[in-house]
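Being a predicted model, the structure only gives us computed values, none of them experimental.
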Amino acid sequence: TQYYGRYARPGGGIYVLERPGVAMDCRELAAAKLPAGNYMHPSVTYDGKRVLFAFCQADAPPANSVQGQHGRWYHLYEVRPDGTGLRQLTDGGFDDFAPRELPDRRLVFSSTRRGGWHRCGNPGCETYTITTCEADGANPRPLSVHETNEWDPAVLSDGRLVYTRWDYVDRHPVFFEQLWSMHPDGSRQGIYFGNNTFNPVGIWEPQAVPGSPKVMAVAGAHHAMTAGSVILVDVRRGVDGLAPLTRVTPEVPFPESEAPVAPVWYSPQPGVERVDTEAARRWPGSCYKSPWPLSEDVFLAAWSYQPLVGEPQANAPAQFGLYLVDRYGNRELLHRDPRISSVWPVPLRPRERPPVLPSLLDPGAGEYGVYVLENVYEAAPSLPEGAVMALRIVQVLPKSTPGIDNPPVGLPRGAPGKQVLGTVPVESDGSAHFRVPARVELAFQALDERGVALQTMRSGAMLQPGEKVTCVGCHDPRTATPRRGKRVAALGRAPSTLAPGPDGSRPLSYPLLVQPVLDRACVSCHGAADPAGGIPLTGQPEGHYTVSYNRLAPLVPFSDQGNAESLSRPGRFGAQRSPLTRLLFGGHHDVKLNRDELDRLVTWMDVNVLFYGTFDPADQARQLRAERIAGPGLE
């Protein structure tokens, strides 16, 4: 919420510290040229000739501090170091912030232009993802269609982007704000560090260290502003856990995951998550923000001698000052204003421009991309050799309404929307070669000969139009490379096209996918009057769902925001673990289901027992009446 214009307060500005370490005198760059408002994220172009920043006009704090004052947005601006040339680069009803120059002189930033809302908390937060535009702000385009937030894009020394992505598809919302990377054309999106890491809770504000393969960043909390302890990340030592991390400020523990007293979670009312404020006050006694590495040993940073405060309380207005810091515990004050925080120190000088990475996208491929999976059995955790017959391709749908479960799409709390795009075959050597829609967030499921998911991806992947990606395996080690000279059977043919899933799976609709099977094979015994075993399986509406859904969904192990495990274990959720599957395939009295009917029930169980395929309340009402809808509001 610190990055939404609707919460902006007036005050501050973009300043130049003329003689750092000698005097605290500073010069305001945009003085008297912009109305009252709030400033964020200054950065300097590689030639040192432009200062980029985000600004939101706000003549007063929001009247409602919870809802904010809608109609206010951050836009990108630029100004020369001498204060001339001020101009606005972006506009519209979007929040644009955290700008950086790319090696080819375009800009990358975070923006709400992707659309949608994150899935937990109230009153709801607009989703912002990594976005690019021309140097003058023209042609803004989201690079990522990830269904929840992405922060702090920065350019690595090899020309790639590194950023923070919140990745909680069917798992706990707190632990997984870690580092991802992509090429500046949006291709090769993948984890950089930490997607199976609990400590730290999250990593923000990454910056490439000059002359080093390491990245400096802040190890921070989930329920607080982006501040905490400064770390170095070295992915040559691994992509998860503490081994790749060096604590540059070891006197500051990782907030929320290493606090002396763990926060106490409670919900004062349904759907509203709060943190116990007494426990929150016991977080680390000091904290860092916005480190800018000058080397592996010395960096600029904002530092506070006051503790980081967890939500829903606010930090002190003048919490941070600017310092020159080294990894040996020395801290030299450069600037501190007793009235307001000073953050985001950046050297005002030219620096080396990273290489421009050539785009390998095929412009003639249309709105599609291609995946090549070398061997699905190169997996962690392992999959039974020879058991995988196909992959189910599931689309993860963005939330189109604010607030957790407003409305819910199924029994799993805070669930993302889903729909099945189809299936593709897996060859006997474990390989697959298939075409998928581009700019759509996907998750994959490995299916056995019955169509039951043996393993489910609880993250998201996407391709740009014309992108081709080769994976070594399913959840393969990120440091693995394809084996040279190995024949991959799936490459001996054209890429597979998606075979559509059963009727009612796109968009997902329990009344169309599951209820017809129950009506034909089950309700004669499990009807409304005197149902066998006391289990009615009719399609009669009951609350937000139907009678049969309310009886069957609890019998299927599902994953939701209460699931804190990071790595997916085969057979943990869905049809493989459900007693319903044993009845379906082992026999239940004289019930005989054909392959299509089995596929319908298994698909529903594996796609996390969702009922609806949309967050739109009017379309949900239509689906409850077993009517067909056009599809989700956002894709």
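- A donor atom on one side chain and an acceptor atom on the other are not found under 3.5 Å apart for K468 and T470.
- Contact detail for P153 and R100: the closest heavy-atom pair is O-CG, 3.1 Å.
- L397 and G613 get closest at one heavy-atom pair: CD1-O, 3.8 Å.
- Between the side chain of Q464 and the main chain of G186, a donor-acceptor pair closer than 3.5 Å is present.
- Here the straight-line distance linking atom CG of L610 with atom OG of S505 works out to 12.0 Å at 0.5 Å rounding.
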List the steps, then state whether side chain to side chain contact (heavy atoms under 4.5 Å, CB included) holds for V409 with F615. CA-CA 7 Å; V409 290; F615 290 101; 3.4 Å; yes
Let's go through H146 and T148 carefully: what are the C-alpha distance in whole Å and the side-chain angles of both, what is the deciding distance for side chain to side chain contact (heavy atoms under 4.5 Å, CB included) to 0.1 Å, and is it a yes or a no? CA-CA 6 Å; H146 181 52; T148 193; 3.4 Å; yes
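- For the pair L242 and R247, the minimum side-chain heavy-atom distance is below 4.5 Å.
- Scanning both residues, G238 and P244, for their nearest heavy atoms gives O-CG, 3.3 Å.
- Summarising the geometry, atom CG belonging to D96 is positioned 10.0 Å from atom CG belonging to L89; distances are rounded to the nearest 0.5 Å.
- With hydrogens and angles disregarded, a donor-acceptor distance shorter than 3.5 Å links the side chain of H433 to the backbone of R493.
- The side-chain heavy atoms of L361 and H183, taken from C-beta on, include no pair separated by under 4.5 Å.
- Applying the salt bridge (charged side-chain N to carboxylate O under 4.0 Å, His left out) test to every pair with at least one member in residues 131-154, sequence neighbours left out, gives these pairs: R119-E147.
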Would you give me the side-chain donor-acceptor pairs under 3.5 Å for residues 552-563, sequence neighbours excluded?
unit_1: S559; atom_1: OG; unit_2: D170; atom_2: O; d: 2.3
unit_1: S559; atom_1: OG; unit_2: N563; atom_2: ND2; d: 2.8
unit_1: D560; atom_1: OD1; unit_2: G562; atom_2: N; d: 2.9
unit_1: D560; atom_1: OD2; unit_2: R413; atom_2: N; d: 3.1
unit_1: Q561; atom_1: NE2; unit_2: G414; atom_2: O; d: 3.4
unit_1: N563; atom_1: OD1; unit_2: E565; atom_2: N; d: 3.2

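- Ionic pairing of R114 and E441 is not present here: no N-O contact between side-chain nitrogen and carboxylate oxygen is shorter than 4.0 angstrom.
- Atom OG in S459 sits 3.5 Å away from atom CH2 in W180 (nearest 0.5 Å).
- Between V602 and R450 there is no side-chain heavy-atom pair separated by less than 4.5 Å.
- Taking CH2 of W151 as the start and OG1 of T226 as the end, the distance is 9.5 Å to the nearest 0.5 Å.
- Residues passing the side chain to side chain contact (heavy atoms under 4.5 Å, CB included) test with A443, sequence neighbours excluded: V396, M457.
- Below 30°, between 30° and 60°, or above 60°: for F611 and Y510 the angle between ring planes is below 30°, a parallel geometry.
- For R353, the salt bridge (charged side-chain N to carboxylate O under 4.0 Å, His left out) partners two or more places apart in sequence, or in a different chain, are E101.
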Can you give the donor-acceptor pairs under 3.5 Å from side chains of residues 380-393 to other protein atoms, not counting sequence neighbours?
unit_1: R392; atom_1: NH1; unit_2: Q445; atom_2: OE1; d: 2.6
unit_1: R392; atom_1: NH1; unit_2: D606; atom_2: OD2; d: 3.2
unit_1: R392; atom_1: NH2; unit_2: G451; atom_2: O; d: 2.9

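- For P293, the side chain to side chain contact (heavy atoms under 4.5 Å, CB included) partners two or more places apart in sequence, or in a different chain, are Q207, V209, P210, M216.
- Every residue meeting the salt bridge (charged side-chain N to carboxylate O under 4.0 Å, His left out) condition with D104, not counting sequence neighbours, appears here in chain and number order: R106.
- Panel note: side chain S110, backbone Y128; no donor-acceptor pair is recorded below 3.5 Å.
- Scanning all heavy atoms of the two residues, the minimum distance from Q620 to Y612 falls at O-CE2, 3.2 Å.
- Residues L52 and H41 form no side-chain contact, since every pair of their non-hydrogen atoms from C-beta on lies 4.5 Å or further apart.
- For P502 against L513, the heavy-atom pair with the smallest separation is CG-CD1, 3.7 Å.
- Within the 4.5 Å cutoff, the side chain of D503 has heavy atoms near those of the R628 side chain.
- Between Y371 and L442, some side-chain heavy-atom pair lies under the 4.5 Å cut-off.
- In plain terms, the two heavy atoms of A489 and S431 that are nearest each other are N-OG, 3.6 Å.
- Between F176 and Y168, the ring center distance fails the sub-6.0 Å criterion.
- Within the structure, side-chain hydrogen bond (donor to acceptor under 3.5 Å, both in side chains) pairs that include any residue of residues 355-370 comprise D185-S359 (at least two apart or interchain).
- Scored by the salt bridge (charged side-chain N to carboxylate O under 4.0 Å, His left out) test, D619 finds R622 as partners (sequence neighbours excluded).
- Applying the salt bridge (charged side-chain N to carboxylate O under 4.0 Å, His left out) rule to E296 yields the partners K214; only residues at least two apart in sequence or on another chain are considered.
- Looking at heavy atoms from C-beta onward, V440 lies out of side-chain contact with V145 at the 4.5 angstrom threshold.
- Residues forming a side chain to side chain contact (heavy atoms under 4.5 Å, CB included) with P354 (at least two apart in sequence, or on another chain): Y46, P103, V155.
- Judged by distance alone, with hydrogens and angles left aside, the side-chain atoms of R439 form a donor-acceptor pair with the main-chain N or O of P142 at under 3.5 Å.
- By the 4.5 Å heavy-atom criterion applied to side chains, V469 and R188 are counted as neighbours.
- Separation of atoms CG (L454) and CD (E449) is listed at 8.0 Å; rounding is to 0.5 Å.
- From L143, atom CG reaches atom CD1 of I130 across 8.0 Å, with rounding to the nearest 0.5 Å.
- Residues W166 and H222 place their aromatic rings such that the two centres sit under 6.0 Å apart.
- Not one N or O on the side chain of E352 forms a donor-acceptor pair closer than 3.5 Å with the backbone of S157.
- Not one N or O on the side chain of T164 forms a donor-acceptor pair closer than 3.5 Å with the backbone of E177.
- The closest donor-acceptor contact from the side chain of Y549 to the backbone of V609 lies under 3.5 Å.
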How far apart are the C-alpha atoms of R600 and V514, what are their side-chain angles, what is the distance that settles it, and do they pass the side chain to side chain contact (heavy atoms under 4.5 Å, CB included) test? CA-CA 6 Å; R600 286 167 173 265; V514 175; 5.7 Å; no
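- R595 and D599 are not joined by a salt bridge, as no carboxylate oxygen comes within less than 4.0 angstrom of a charged side-chain nitrogen.
- Residues passing the side chain to side chain contact (heavy atoms under 4.5 Å, CB included) test with S509, sequence neighbours excluded: P511, L512, Q623.
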I'd like to know whether L421 forms a side chain to side chain contact (heavy atoms under 4.5 Å, CB included) with V436, so could you lay out the CA-CA distance, the side-chain angles of the two residues, the decisive distance to 0.1 Å, and finally the verdict. CA-CA 9 Å; L421 300 187; V436 296; 6.0 Å; no
